[in-house]
Each structure stands twice: as structure tokens, then as C-alpha cells.
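A short worksheet on the structure shown next.
A note on names: the letters A, B, ... follow the listed sequences, proteins ahead of strands, and every chain is numbered from 1. No experiment lies behind these values; they were computed from the predicted model shown.
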2 protein chains.
Amino acid sequence: MTEDARDEVDLLVAAWRAERPDLDVEPLQVLSRVSRLARHLDRARRAAFAEHDLEPWEFDVLTALRRAGRPYELSPGALLRATLVTSGTMTNRIDRLAQAGLVRRRPDPEDRRGVLVSLTETGVARVDAAFADLLRRERDLLAGLGPEGQRSLSSLLRTLLAPFDSPL
Amino acid sequence: MTEDARDEVDLLVAAWRAERPDLDVEPLQVLSRVSRLARHLDRARRAAFAEHDLEPWEFDVLTALRRAGRPYELSPGALLRATLVTSGTMTNRIDRLAQAGLVRRRPDPEDRRGVLVSLTETGVARVDAAFADLLRRERDLLAGLGPEGQRSLSSLLRTLLAPFDSPL
DNA sequence: GAGAGATATCTCGATGTCAAGACAGTACAC
DNA sequence: GTGTACTGTCTTGACATCGAGATATCTCTC
């Protein structure tokens with residue numbers, strides 16, 4: 001059991017143990033790391049997308065549409081479920097993406113309450129370029145783990161994530 | 001190798017494979033899960049803290065001070081490094097925490113540019129109660145992994161986190 | 001086919017965050 | 001000692017997000 005690669009969370013846990021020896025702070029070993037890592041990832045993604053003139057939130061919406069396959073069209077409702085934001089946020093996002101010429105809005109012919117949002121050609125091109133770039137960078141970040149580590153990590157995370165995804 | 005507990009990310013990866021079979025999207029298995037899990041955790045924490053009348057950002061600052069040990073005092077600079085926010089954000093946070101009576105500000109006697117922020121008695125009590133509660137809830141979230149899984153998960157995450165923590 | 005409840009989207013106000021820059025004070029080299 | 005670069009904190013303005021509520025439409029039951 002090597003303890004070489006200490007990180008900030010190790011220090012955090014040690015500090016808590018000194019201050020509150022009565023508490024079991026083991027959960028922080030996992031969950032603080034998840035939060036901190038996500039924060040760092042956000043920053044790295046922001047930097048990566050800047051080269052393609054995209055904000056992370058723009059990328060999130062565009063990829064959801066891109067993943068849907070031709071004709072790259074989804075309802076705002078489907079988009080907000082895919083991106084975990086509220087409806088007000090999604091309206092705002094679509095407005096701005098439409099203004100930037102990356103998506104288009106049209107009334108849903110089957111449901112007059114509804115709207116359908118689709119990628120423009122520019123939108124497809126931009127998201128494809130940014131996505132390829134992102135994957136390159138993410139692969140670099142993960143290189144230290146090796147294929148074995150990546151598999152077990154994703155499997156453990158899936159277990160943790162499942163209860164959130166399924167019930168709702 | 002059981003594939004039972006499929007989550008949203010499995011679907012996401014499958015969708016990408018169908019749309020872009022030319023790309024290796026394996027990195028998403030890890031990093032999308034980290035991001036999504038962090039998002040869910042934020043929500044869970046928000047709900048947990050609500051019972052103690054604390055916002056997540058308040059908790060972050062208060063715990064940093066609490067961890068420092070008596071006299072529970074740090075500079076704004078130390079706090080922003082601990083919480084990964086910018087200086088403007090930290091100024092704003094300290095203002096509001098001071099107004100709520102949870103922290104106190106005083107000039108640093110050793111550096112006239114500086115300020116020292118410390119917990120009030122109320123602050124200590126509130127953060128201690130909220131922290132114990134948070135740990136209970138986090139333990140529940142992690143229960144599905146077992147002690148073994150938690151150890152390997154935290155170790156893998158540490159490897160991933162180390163490059164972010166050390167260079168800067 | 002009328003009404004109740006569910007659903008889809010949008011509007012609006014409040015809020016927390018960031019980025020850039022201002023300003024005071026410190027540290028170090030010469 | 002003096003000047004230059006650095007550090008620590010705060011200010012300001014822009015912005016994305018959320019939550020609650022408004023409106024229109026659909027669906028299902030009776």
C-alpha cells in the first residue's frame with residue numbers, strides 16, 4: 001500500500017482527523033476527490049473549447065444534439081434532461097445558440113406546445129472539431145491510469161452513479 | 001465482467017459509438033461520470049445543508065476555517081486556495097458570512113495588506129453540526145461500494161488528481 | 001365532450017461566480 | 001535607501017444559472 005502520490009485531499013483528510021478524531025471522515029476520500037476533480041476538469045474543458053470559440057455550456061447542448069444523430073434534432077425538454085439544467089436555463093441557452101447560428105428552432109408539428117431544436121451545418125462542424133479535440137486532451141489526462149485502471153475506475157463510478165440515474 | 005448496472009453514461013457512450021465510430025470515446029467512461037457525479041453530489045449536499053440553514057458555498061468556507069484548528073483563522077488568500085474560487089468571489093463570501101455572524105474579519109497585525117478571517121462561536125457550532133450530517137449522508141451514498149471498492153476508488157482518483165494539485 | 005391534471009416551454013427576478021483591474025503594502029536586488 | 005516586481009485584497013460589470021410562476025396544449029377519465 002504505497003502512499004506516495006499525496007494530493008490535496010490527503011491533506012484535507014489529515015487535517016480533519018487532527019481536528020475531529022471522533023468522526024469517520026473516510027467518505028471524503030472518495031467524494032471530495034470527485035468534486036475537486038470535476039472542478040479541475042471544468043477548467044481544462046473551458047480552455048480546450050476556447051480554441052474552438054465554444055463555451056462549455058454551448059458544447060453540452062451541441063453534443064446532445066450531435067449524439068442524437070440525423071437530423072440532429074431534439075426538443076428543449078430532451079435537451080434539459082440530457083444536460084441536467086433547468087428549463088429556464090435551456091431556453092436561454094437555445095436563444096443564444098440560435099443567435100450564434102449554431103442551432104435552429106422550429107415548432108413541433110406533432111405537438112403544438114412543443115419546439116424542436118436542430119443543429120445547423122456550422123453547428124455540426126464546430127461540435128465535431130471540438131469533440132475530437134476534447135477526446136485527445138482527456139486521453140492525456142487519463143494516460144497515467146493505464147487501461148486497467150480506467151476500466152476499474154469507470155466501473156466503480158458507475159456503481160456510484162446508478163442510484164442517481166435510475167430512480168428519476 | 002457483469003454489465004448489469006447500466007447508467008446514463010453507458011447510453012451516452014453507446015450513442016457516440018453509433019454516431020462517430022471513428023473516434024475512441026473511452027475517456028468519457030471515466031470523465032463524464034466524474035462530472036455527472038459531481039453534479040448530483042452538489043444537489044445532494046445542497047439538500048443536506050438546507051437543514052442547517054447553510055448554502056454549499058458557506059459550508060466550504062466554514063469547513064476550511066474549521067479544519068485549520070484553533071483559533072479557526074485564515075487569510076482570504078488561504079481560503080480561496082482551499083476552495084478553488086477567485087478572489088472576488090471570496091471577498092463576497094466573507095462579506096456575507098460576516099453579515100450572518102458566522103465569521104469575523106480583522107486586520108492582519110503582521111502584514112498591513114492582509115486580513116484574517118475567523119469563525120465565531122456560532123460558526124463553529126453550525127459547521128460542526130452540518131459536517132457530521134454530511135458525513136452520515138455520504139457514507140450512505142458510498143455504502144454500495146464496500147470498503148474495498150472505496151479504497152481502490154479513492155486511490156484511482158488520487159492518481160488522476162495529483163497532476164492538478166501539485167504543479168500549481 | 002368537458003373538466004382535471006399533466007406536460008412543454010418560456011418569462012422574470014434574484015443570486016453567485018468570474019475576469020480584469022485598482023490599490024496598498026511588501027520584498028528583494030542593487 | 002530606492003526602485004521594481006510581486007502579493008493580498010477588494011471593486012466592478014457582465015453573465016449563466018436557478019426557482020417560481022405563467023401560458024398554452026395535450027391526455028385521460030367519466
Side-chain angles (χ1 to χ4, degrees), chain A residues 35 38-47 49-50 53-62 64 73-100 102-118 168, chain B residues 35 38-40 42-47 49-50 53-62 64-65 73-100 102-118 168:
Chain A
S35 294
R39 199 130 187 181
H40 287 301
L41 284 177
D42 273 352
R43 297 188 171 187
R45 291 187 353 138
R46 180 176 301 276
F49 296 148
D53 259 307
L54 286 176
E55 298 291 321
W57 64 262
E58 295 182 289
F59 182 81
D60 279 346
V61 177
L62 297 178
E73 188 166 60
L74 290 172
S75 68
L79 284 171
L80 67 88
R81 281 185 291 276
T83 53
L84 303 178
V85 301
T86 61
S87 65
T89 298
M90 188 50 68
T91 299
N92 185 21
R93 286 184 174 188
I94 295 167
D95 286 348
R96 285 173 285 155
L97 285 169
Q99 200 160 10
L102 300 175
V103 307
R104 224 185 324 265
R105 235 195 285 238
R106 70 177 177 113
D108 183 339
E110 317 238 304
D111 183 340
R112 271 183 297 183
R113 296 166 302 180
V115 170
L116 292 173
V117 180
S118 59
L168 178 72
Chain B
S35 295
R39 200 131 187 179
H40 288 301
D42 273 352
R43 296 189 172 186
R45 292 189 351 140
R46 180 175 301 276
F49 296 150
D53 258 309
L54 285 175
E55 299 292 322
W57 63 262
E58 296 182 289
F59 182 81
D60 279 346
V61 177
L62 297 179
L65 289 166
E73 187 165 61
L74 290 172
S75 69
L79 283 171
L80 67 90
R81 280 185 291 277
T83 54
L84 302 178
V85 300
T86 61
S87 66
T89 298
M90 188 49 67
T91 298
N92 185 20
R93 287 183 174 189
I94 294 167
D95 286 348
R96 285 173 286 154
L97 285 169
Q99 201 160 10
L102 300 175
V103 307
R104 224 189 321 269
R105 235 196 283 240
R106 70 177 177 113
D108 183 338
E110 316 238 306
D111 182 340
R112 270 182 297 182
R113 295 166 302 182
V115 170
L116 292 173
V117 179
S118 59
L168 179 69

- Using the test side-chain hydrogen bond (donor to acceptor under 3.5 Å, both in side chains), find all partners of B/R113 that sit at least two apart in sequence or belong to another chain. B/D111

- Could you give the angle between the helix axes at the two ends of the helix from C/dG1-D/dC30 to C/dC30-D/dG1, with five pairs per end, rounded to 10 degrees? 30°

- Would you mind listing every salt bridge (charged side-chain N to carboxylate O under 4.0 Å, His left out) that reaches into residues 84-95 of chain A, with sequence neighbours excluded? A/D95-A/R105

- Item | Nearest-nucleotide comparison on DNA chain C, the residue closer to the 5′ end among A/G77 and A/R39 | A/G77

- Outermost DNA chain D nucleotides near chain A [under 4.0 Å, heavy atoms]: D/dA16 to D/dC26

- Note on the structure: Taken in chain and number order and not counting sequence neighbours, the residues that satisfy side-chain hydrogen bond (donor to acceptor under 3.5 Å, both in side chains) with B/T91 are none

- Item | salt bridge (charged side-chain N to carboxylate O under 4.0 Å, His left out) partners of A/R43, counting only residues at least two apart | none

- Residues forming a side-chain hydrogen bond (donor to acceptor under 3.5 Å, both in side chains) with B/E73, sequence neighbours excluded: B/R106

- Query: What pairs with A/R96 under side-chain hydrogen bond (donor to acceptor under 3.5 Å, both in side chains), at least two apart in sequence or on another chain?
  - Reply: A/N92

- Nucleic acid contacts - residues 82-96 of chain B versus DNA chain D, non-hydrogen atoms under 4.0 Å: B/S87, B/G88, B/T91

- Where is the tightest heavy-atom contact between A/I94 and A/V103, given as atom of each residue plus distance? O-CG2, 4.1 Å

- Item | Nearest-angstrom distance from the residue atom CD of B/E55 to P of C/dG16 | 7 Å

- Scan for side chain to side chain donor-acceptor pair (under 3.5 Å) pairs involving residues 77-88 of chain A, sequence neighbours excluded, and state none if there are none. A/T86-A/T89

- Tell me, please, which residues at least two apart from B/A44 pass side-chain contact (heavy atoms from CB on, under 4.5 Å). none

- Task: Would you please name every residue forming a side-chain contact (heavy atoms from CB on, under 4.5 Å) with A/P107, sequence neighbours left out?
- Result: none

- Message: What contact category does B/R105 fall into here, base, sugar-phosphate, or nothing, at under 4.0 angstrom with non-hydrogen atoms?
- Response: sugar-phosphate

